[in-house]
Protein chains: 2
Amino acid sequence: MMSAPLQIGLVLFPRVTQLDFTGPLQVFSSLPGATVHLIWKRIEPVPSDSVLTLTPTVSFADCPQLDVICVPGGVGTDDMVNDEEMLAFLRRQAEGAKYITSVCTGSLVLGAAGLLQGYRAATHWTAMDFLSAFGAVPTKTRVCIDRNRVTGGGVTAGIDFALTLVSLLHDRRTAEAIQLRLEYNPAPPFNSGSPDTAPPDVLAFMKDRIAAAQIRRGEMIDRAAARLS
Amino acid sequence: MMSAPLQIGLVLFPRVTQLDFTGPLQVFSSLPGATVHLIWKRIEPVPSDSVLTLTPTVSFADCPQLDVICVPGGVGTDDMVNDEEMLAFLRRQAEGAKYITSVCTGSLVLGAAGLLQGYRAATHWTAMDFLSAFGAVPTKTRVCIDRNRVTGGGVTAGIDFALTLVSLLHDRRTAEAIQLRLEYNPAPPFNSGSPDTAPPDVLAFMKDRIAAAQIRRGEMIDRAAARLS
């Protein structure tokens with residue numbers, strides 16, 4: 001098999017939720033014949049949402065045409081939905097990409113780039129109501145596949161998303177081998193991973209804690225949606 | 001509550017499996033009142049097992065006494081089990097730490113430091129047979145708690161491990177709130193995450209693929225065990 005390597009790119013940005021992309025990165029890094037790129041405007045360290053600083057491997061300008069473009073999420077997407085340089089990069093890559101994908105609130109950025117109009121899409125449970133501003137159909141699921149848009153739910157859904165995508169890009173056996181290698185046989189110690197199962201007081205606490213951020217997010221989404229129309 | 005911040009440290013090293021520590025890092029970063037350190041010999045970028053380069057926040061020499069010390073895994077642990085500087089750092093920190101922990105093959109490094117003698121411990125499924133060389137009792141589970149040793153299974157078990165540890169460090173409600181935030185409601189697309197459930201041909205493929213590496217690992221473990229006795 002002498003085919004050209006599959007080009008997979010994950011975009012970075014300040015205040016990305018690092019697990020949104022380190023989960024898929026771990027999966028994609030085990031894919032035979034794939035080259036993985038970490039992409040940002042410039043090759044300089046990018047602060048994540050934690051103490052981990054992220055180092056891009058290629059700039060927007062130097063990035064080759066990707067087969068898979070993936071946008072992770074995090075509070076930083078509130079800025080990215082109005083970042084013309086990011087949106088232009090995504091639109092340009094989307095023209096030639098085989099799969100246009102996201103994890104968590106990364107789908108809001110795809111939406112702001114006009115890439116989800118008429119598509120079903122997943123996102124973090126706290127962001128579900130914002131997707132329709134971009135003409136997307138909010139879909140409550142871990143992994144949402146609609147034609148060549150593959151979008152994951154919140155944060156840890158990125159692992160389910162990436163294994164699913166590997167099965168589409170390659171085959172099921174390859175995805176299963178990666179799952180075995182990553183011992184992805186999850187056993188959450190509690191049953192609080194979704195608003196449907198979390199204890200009511202935990203859900204109320206989280207909703208209260210993000211209330212102000214949700215208002216700010218709504219304003220950013222409104223600006224982004226107005227620009228798009 | 002004016003208590004001193006909880007000091008949580010994750011050690012880095014070349015060829016660490018990045019998801020082994022980025023999973024727990026995401027969980028610990030949401031823990032109120034905790035300071036998280038990424039620790040290596042020097043403050044210089046460390047190559048992971050993928051294109052992601054990791055930047056430590058503190059050196060071994062400058063690291064404060066930790067409440068939680070955590071060793072992630074990866075092929076790089078084959079070198080770390082014989083790395084005197086790493087082993088001395090772990091032994092020094094272990095004297096004052098509240099919890100001594102690991103994910104994946106990180107438990108082999110704890111073992112090589114003499115910190116698991118007489119303790120039950122978990123590790124990656126491919127490394128289970130090596131734990132007894134260090135006097136540990138190999139335990140097939142996602143999260144293994146034996147007194148103040150808390151060890152996780154392979155790679156993704158780090159998320160289960162970290163949520164469990166947060167419930168011990170803080171309380172169950174805090175762990176549940178973090179689980180909800182990370183939407184940790186896993187739905188693996190395949191059932192291949194353990195040698196017990198993987199399709200036989202997938203398991204055979206993986207065993208064949210790691211055969212040479214297992215021999216090398218055995219040699220490194222033998223050297224480490226001989227040094228310890």
Side-chain angles (χ1 to χ4, degrees), chain A residues 17-19 22-23 25-26 28-29 35-38 45 49-55 57 104 124-125 141-143 153-157 159-160 163-164 167 172-173 175-177 179-199 201-203 205-206 209, chain B residues 17-19 22-23 25-26 28-29 35-38 45 49-55 57 104 124-125 141-143 153-157 159-160 163-164 167 172-173 175-177 179-199 201-203 205-206 209:
Chain A
T17 295
Q18 57 85 6
L19 188 55
T22 50
L25 173 63
Q26 194 69 54
F28 297 147
S29 299
T35 301
V36 183
H37 305 275
L38 306 179
D49 66 329
S50 74
V51 294
L52 186 65
T53 297
L54 306 168
T55 307
T57 60
C104 198
H124 192 273
W125 64 270
T141 181
R142 290 293 279 182
V143 186
V155 196
T156 55
I159 302 172
D160 300 326
L163 288 170
T164 302
S167 73
R172 177 174 173 145
R173 279 295 183 261
E176 286 172 328
Q179 185 184 0
L180 179 57
R181 186 175 168 185
L182 303 185
E183 211 168 319
Y184 186 48
N185 179 34
F190 311 110
N191 189 24
S192 184
S194 141
D196 298 334
T197 63
D201 58 328
V202 170
L203 182 59
F205 166 80
M206 281 304 289
R209 211 177 122 180
Chain B
T17 295
Q18 56 85 5
L19 188 54
T22 50
L25 173 63
Q26 194 69 52
F28 297 147
S29 299
T35 301
V36 183
H37 304 275
L38 306 180
D49 66 329
S50 74
V51 294
L52 186 65
T53 298
L54 306 167
T55 306
T57 60
C104 199
H124 192 273
W125 64 270
T141 180
R142 291 293 278 183
V143 186
V155 197
T156 54
I159 302 172
D160 300 326
L163 289 170
T164 302
S167 74
R172 177 174 173 146
R173 278 294 183 263
E176 287 173 328
Q179 185 183 0
L180 179 57
R181 186 175 167 184
L182 303 185
E183 211 167 317
Y184 186 48
N185 180 33
F190 311 109
N191 189 23
S192 184
S194 140
D196 298 334
T197 63
D201 59 328
V202 170
L203 182 59
F205 167 80
M206 281 303 290
R209 210 176 121 180

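Small disclaimer: the values here were computed from a predicted structure and weren't measured. Chain naming here is simple, since letters A, B, ... match the order of the sequence lines and numbering starts at 1 in each.
Looking at B:Gln179 and A:Pro189, their side chains never come closer than 4.5 Å, going by heavy atoms from C-beta outward. At least one side-chain heavy atom of A:Gln26 sits under 4.5 Å from a side-chain heavy atom of B:Asp49. In this structure, B:Trp125 and B:Asp196 have side chains that are not in contact, with every pair of non-hydrogen atoms separated by 4.5 Å or more. In this structure the side chain of A:Thr197 never reaches within 4.5 angstrom of the side chain of A:Ser192, judged on heavy atoms. When side chains are defined from C-beta on, B:Leu54 does not count as touching A:Thr55, because their heavy atoms never get closer than 4.5 Å. Side-chain contact between B:Leu25 and A:Val51 is present, with at least one heavy-atom pair separated by less than 4.5 Å.
Put simply, of A:Ala177, A:Pro188, A:Ala175, the one with the most heavy-atom pairs under 4.5 Å next to chain B is A:Pro188. The candidate from B:Leu19, B:Leu163, B:Val143 with the greatest count of non-hydrogen atom pairs under 4.5 Å with chain A is B:Leu19. Between chain A and the residues B:Leu52, B:Val36, B:Leu182, the largest count of heavy-atom pairs under 4.5 Å involves B:Leu182. Of the listed residues A:Arg173, A:His124, A:Met206, the one with more heavy-atom pairs under 4.5 angstrom with chain B than any other is A:Arg173. Counting heavy-atom pairs closer than 4.5 Å to chain A, the top residue among B:Leu180, B:Asp201, B:Val202, B:Thr22 is B:Leu180. Most heavy-atom pairs under 4.5 Å with chain B: of the set A:Ser50, A:Cys104, A:Ala157, A:Gly153, this distinction falls to A:Ser50. For the set A:Ser29, A:Pro186, A:Ser194, A:Pro199, the count of heavy-atom pairs under 4.5 angstrom toward chain B peaks at A:Pro186.
Using a 4.5 Å cut-off between heavy atoms, B:Thr35 makes no contact with chain A at all. Interface residue A:Ala198: only side-chain heavy atoms are found under 4.5 Å from chain B. At a 4.5 Å heavy-atom cutoff, the contact between A:Thr57 and chain B is made by side-chain atoms alone. Heavy atoms closer than 4.5 Å to chain B are found in the side chain of A:Phe205, but not in its backbone. Both the backbone and the side chain of A:Leu203 come within contact range of chain B, with heavy atoms under 4.5 Å apart. For a residue to count as touching a neighbouring chain, one of its non-hydrogen atoms must lie under 4.5 Å from one of that chain's; by this rule A:Arg142 touches chain B with the side chain only.
Here the CG-CZ distance, from A:Asp160 to B:Phe190, works out to 10.5 Å after rounding to the nearest 0.5 Å.
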